[in-house]
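A short worksheet on the structure shown next.
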Amino acid sequence: MPSYHLESGADPAREDVVSSGLVAYNDRHSAMLRQRLTPEHRHQSTPVESYVLSEAGEVVGGCTGRAVPLWGWLEINLMWLRDDLRGQGWGARLLADVEAQAAALGCTRVKLSTWEFQARPFYERHGYAVYAEEHDYPPGHTNYLMRKDLKPR
């Protein structure tokens, strides 16, 4: 009977073996993952970005994400607006613009995360729903994972 043991510590070569094993496992179980991991699709995501600029060209707000049209998803990574511009509709315009860009690329869903001190009510007003909560992540905070279905274009 074979004998096994654990070893701890960072090892890029071993990590590559584990990564390759997981990719092979996923490949056997999901046609969509298999297609996403082919060379022509592996790095195929499209940045979607929208910015609010001052008259002087200074960035005073923005919303950025990456669209994966193959899967029909947009993931919003960053959303920020300078404090003095909040409550004036700029956030809604930024969000609508990146959603429209993603929809034009074929995305039908969008996801994001926000902490309790950030913008959960804002996103809920714009059709997003919480699908999971990460309590005490980071310690003392709750991270809300949110999603929304986009209207077909």
Side-chain angles (χ1 to χ4, degrees), residues 10 12 15-16 18-153:
E15 184 179 0
D16 286 346
V18 172
S19 178
S20 295
L22 179 59
V23 168
Y25 179 87
N26 292 345
D27 189 51
R28 290 192 309 270
H29 295 279
S30 171
M32 186 56 69
L33 283 172
R34 189 169 35 255
Q35 185 178 7
R36 175 75 168 105
L37 296 174
T38 59
E40 66 271 18
H41 292 292
R42 183 167 292 132
H43 302 289
Q44 205 168 47
S45 66
T46 304
V48 292
E49 302 176 3
S50 186
Y51 300 97
V52 179
L53 305 176
S54 71
E55 286 183 29
E58 173 191 10
V59 175
V60 294
C63 183
T64 69
R66 296 203 67 87
V68 179
L70 177 65
W71 287 357
W73 278 91
L74 163 66
E75 182 171 3
I76 293 176
N77 303 116
L78 299 172
M79 176 80 159
W80 170 78
L81 193 59
R82 200 170 67 190
D83 288 351
D84 63 315
L85 297 174
R86 294 177 186 202
Q88 299 177 31
W90 289 110
R93 289 166 67 184
L94 286 167
L95 192 58
D97 190 47
V98 296
E99 288 174 355
Q101 290 177 55
L105 292 168
C107 293
T108 57
R109 293 171 296 275
V110 58
K111 67 177 186 167
L112 58 84
S113 67
T114 188
W115 283 294
E116 83 284 348
F117 59 86
Q118 290 180 321
R120 177 182 171 180
F122 166 81
Y123 292 119
E124 287 173 330
R125 285 193 306 275
H126 293 281
Y128 287 77
V130 172
Y131 68 88
E133 298 179 12
E134 298 173 314
H135 297 281
D136 218 27
Y137 181 79
H141 296 286
T142 299
N143 187 39
Y144 296 99
L145 306 177
M146 304 182 81
R147 65 163 286 163
K148 174 183 175 178
D149 292 334
L150 296 176
K151 294 179 183 162
R153 290 184 61 96

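In what follows, every heavy atom counts, from backbone to side chain, and hydrogens, waters and symmetry copies are set aside. Quick note: residue numbers are just sequence positions, from 1.
Contact of the T64 side chain with the Y51 side chain is registered, since non-hydrogen atoms from C-beta on lie closer than 4.5 Å. E75 has its side chain out of reach of V68: every pair of non-hydrogen atoms, C-beta onward, lies at least 4.5 Å apart. Side-chain atoms of V48 and L105, non-hydrogen and from C-beta on, do get closer than 4.5 Å to each other. For the pair V59/L53, a side-chain contact is recorded, criterion being any heavy-atom separation below 4.5 Å from C-beta on. Two residues are said to be in side-chain contact when any heavy atoms from C-beta on lie closer than 4.5 Å; C63 and I76 meet this criterion.
Applying the side-chain contact (heavy atoms from CB on, under 4.5 Å) test to R93 and every residue at least two apart in sequence or in another chain returns W90. Looking at residues two or more places apart in sequence or on another chain, you find no side chain to side chain donor-acceptor pair (under 3.5 Å) involving N77. In terms of the side chain to side chain donor-acceptor pair (under 3.5 Å) criterion, residue partners of H141 (sequence neighbours excluded) are, by chain and number, E116. Residues meeting the ring pair (Phe, Tyr, Trp, His ring centres under 6.0 Å) test with Y25, sequence neighbours left out: H29. For Y144, there are no ring pair (Phe, Tyr, Trp, His ring centres under 6.0 Å) partners at least two apart in sequence or on another chain.
Considering OG of S113 and OH of Y123, their distance stands at 8.5 Å, rounded to 0.5 Å. Atoms OG1 and CZ, on T142 and F117 in that order, are 10.5 Å from each other to the nearest 0.5 Å. Of the inter-residue distances, the one linking K151 atom NZ with T108 atom OG1 reads 14.5 Å to the nearest 0.5 angstrom.
A salt bridge (Lys or Arg N to Asp or Glu O under 4.0 Å) check over residues 49-58, counting only residues at least two apart or in different chains, returns the pairs E58-R82. Each salt bridge (Lys or Arg N to Asp or Glu O under 4.0 Å) pair with one or both residues in residues 130-148, not counting sequence neighbours, appears once here: E99-K148, R147-D149.
For the residue pair Y137 and W115, the shortest heavy atom distance occurs at O-NE1, 2.9 Å. The minimum heavy-atom distance linking A102 with L150 is given by the pair CB-CD1, 4.4 Å. Residues M79 and G91 come closest through the heavy atom pair CE-O, 3.3 Å.
Exactly one of L81, T114, L95 qualifies for a side chain to side chain contact (heavy atoms under 4.5 Å, CB included) with F122. That residue is L95.
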